[in-house]
Amino acid sequence: MSNTSINDNEVDIVIAAINSDLEPFMNEWRPVFSQFHLIIVKDPDMNGELHIPEGFNVDVFTKSDIDRVVGSSTSILFSGYSCRYFGYLVSRKKYIISIDDDCIPARDTNGDLVDVVAQHIANLQAPATPFFFNTLYDPYRKGADFVRGYPFSLRSGVTCALSCGLWLNLADYDAPTQALKPGQRNSRYVDAVMTVPVRSLMPVSGINIAFNREVVGPALFPALRLAGEGKLRWETVEDIWSGMCVKVICDHLGLGVKSGIPYVWRRERGDAIESLKKEWEGVKLMEEVVPFFQSVRLPQTAVTAEDCVVDMAKSVKEQLGKVDPMFARAADAMGDWVKLWKSVGSSSPGV
């Protein structure tokens, strides 16, 4: 791994609390998380008190906090996994790392505990190379470099804005795939990370992710909600939609996105066949969504992430709104998100 400088005053770890008992989860992560500030956002639909062990620097936000900050005059819903976006909103740190509460630390091929914070920050602090693919993966990692034929004019790279980690055990398959292969588990630890090429879309998973909030924070938002959305990853597409938006925005702004290490170990949760009944709507919608994102282009006047989200929301409403009213609602939520980001950003820290 390349040398990484981590200032704990620059990192927030955001956790969406879908389960009330966070003690097992937090204790598993103690060797890593105890060094940093945590933001835990309780799913506003969940009843009961959160159980959080001592020994962490943590701020907990609940439904009353969300209502106080956001109010009721918005199309944005922070329920389920979407509650984590409230953490993105109220953070004041440069880097955000978000891990789902059904994940525990993974171990690498040497049996050592994977430090997700160090690896994500290494990905974000090292440049990305979206304009020319390096066949030896990330050229900035220790032991790697640019291969023969790589243009020297492109070797300085660009700012990496988004780091997408992976999963051991239960990979982030969709419900149809997991239902068809119920026993399939990911046991392959590939010690590599690479930049996703410009104009290549990807399914960004919110399970294990990090980003530069100062650069692309406004481009990660809760917008597209399925009519029958549930409380399992199989039953949502909010992160997939947000991920395609942020990838197009990164391409437009000349920023990089990486995929690969760090890994987390994802525990078993839910029933893929039951979830399939809820997610099938999202599976079908993807056939409409992908061509849109492949063809959408943002104007040169869009020079910030906020500008890009506003312009993209207009295109979503004009081109996809007539396909399904769900997209029109997503466009409204994107516009409301930018307004909310600006208003909360101008308030005092900790809102």
Between atom [atom1] of [X] and atom [atom2] of [Y], what is the distance when rounded to the nearest 0.5 Å?
X: I261; Y: N123; atom1: CD1; atom2: CG; answer: 6.0 Å
X: M46; Y: C83; atom1: CE; atom2: SG; answer: 8.0 Å
X: F25; Y: I104; atom1: CZ; atom2: CD1; answer: 10.0 Å
X: N208; Y: S163; atom1: CG; atom2: OG; answer: 7.5 Å
X: F327; Y: W241; atom1: CZ; atom2: CH2; answer: 5.5 Å
X: K63; Y: D43; atom1: NZ; atom2: CG; answer: 11.0 Å

Task: Derivation of the side-chain hydrogen bond (donor to acceptor under 3.5 Å, both in side chains) call for R225 and S79 - done: CA-CA 10 Å; R225 294 187 66 85; S79 63; 2.9 Å; yes
Is it true that [X] and [Y] have a side-chain N and a carboxylate O under 4.0 angstrom from each other?
X: R84; Y: E238; result: yes
X: D112; Y: R107; result: no
X: E10; Y: R92; result: no
X: D191; Y: R141; result: yes
X: K317; Y: D332; result: yes

Is it true that a side-chain atom of [X] and a backbone atom of [Y] form a donor plus acceptor pair closer than 3.5 Å?
X: Y150; Y: F132; result: yes
X: R185; Y: P182; result: yes
X: D108; Y: V114; result: no
X: N19; Y: D21; result: no
X: N27; Y: P24; result: no
X: W337; Y: P218; result: yes
X: D174; Y: T177; result: yes
X: Q178; Y: K181; result: yes
X: D145; Y: P139; result: no
X: D101; Y: I18; result: yes

If you compare all heavy atoms of [X] against all heavy atoms of [Y], which two are closest, and at what distance to 0.1 Å?
X: K42; Y: N47; value: NZ-C, 4.4 Å
X: A305; Y: V215; value: CB-O, 3.6 Å
X: V41; Y: G87; value: CG2-N, 3.7 Å

Do you see a donor-acceptor pair shorter than 3.5 Å between the side chains of [X] and [Y]?
X: N9; Y: H37; result: no
X: Y173; Y: Q184; result: yes
X: D239; Y: S242; result: no
X: D67; Y: S64; result: no

Show me the donor-acceptor pairs within less than 3.5 Å that the side chains of residues 293-303 make with the rest of the protein, sequence neighbours left out.
residue: S295; atom: OG; partner: P291; partner atom: O; Å: 3.0
residue: S295; atom: OG; partner: F292; partner atom: O; Å: 3.2
residue: R297; atom: NH1; partner: Q294; partner atom: O; Å: 3.2

Open item on the list: Exactly one of D138, T129, T195 should register a side-chain hydrogen bond (donor to acceptor under 3.5 Å, both in side chains) with K258. Which one does?
Closed with: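 Going through the options one by one, the only one that passes is D138.
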Open item on the list: Does F56 form a ring-ring contact (aromatic ring centres under 6.0 Å, His included) with F33? I'd like the steps, not just the answer.
Closed with: CA-CA 8 Å; F56 293 92; F33 286 179; 7.4 Å; no
- [ ] Quick one: do I97 and I209 satisfy side chain to side chain contact (heavy atoms under 4.5 Å, CB included)? Show the steps, please.
- [x] CA-CA 6 Å; I97 295 170; I209 193 172; over 6 Å; no
Task: Whether Y85 and Y88 hold their rings parallel, tilted or perpendicular, with breakpoints at 30° and 60° - done: perpendicular
Task: Check against side chain to side chain contact (heavy atoms under 4.5 Å, CB included), M286 and M244 - done: CA-CA 11 Å; M286 290 301 295; M244 283 190 284; 3.5 Å; yes
Task: Candidate pair V204 and K247, rule side chain to side chain contact (heavy atoms under 4.5 Å, CB included), full reasoning - done: CA-CA 9 Å; V204 173; K247 180 58 169 67; 5.6 Å; no
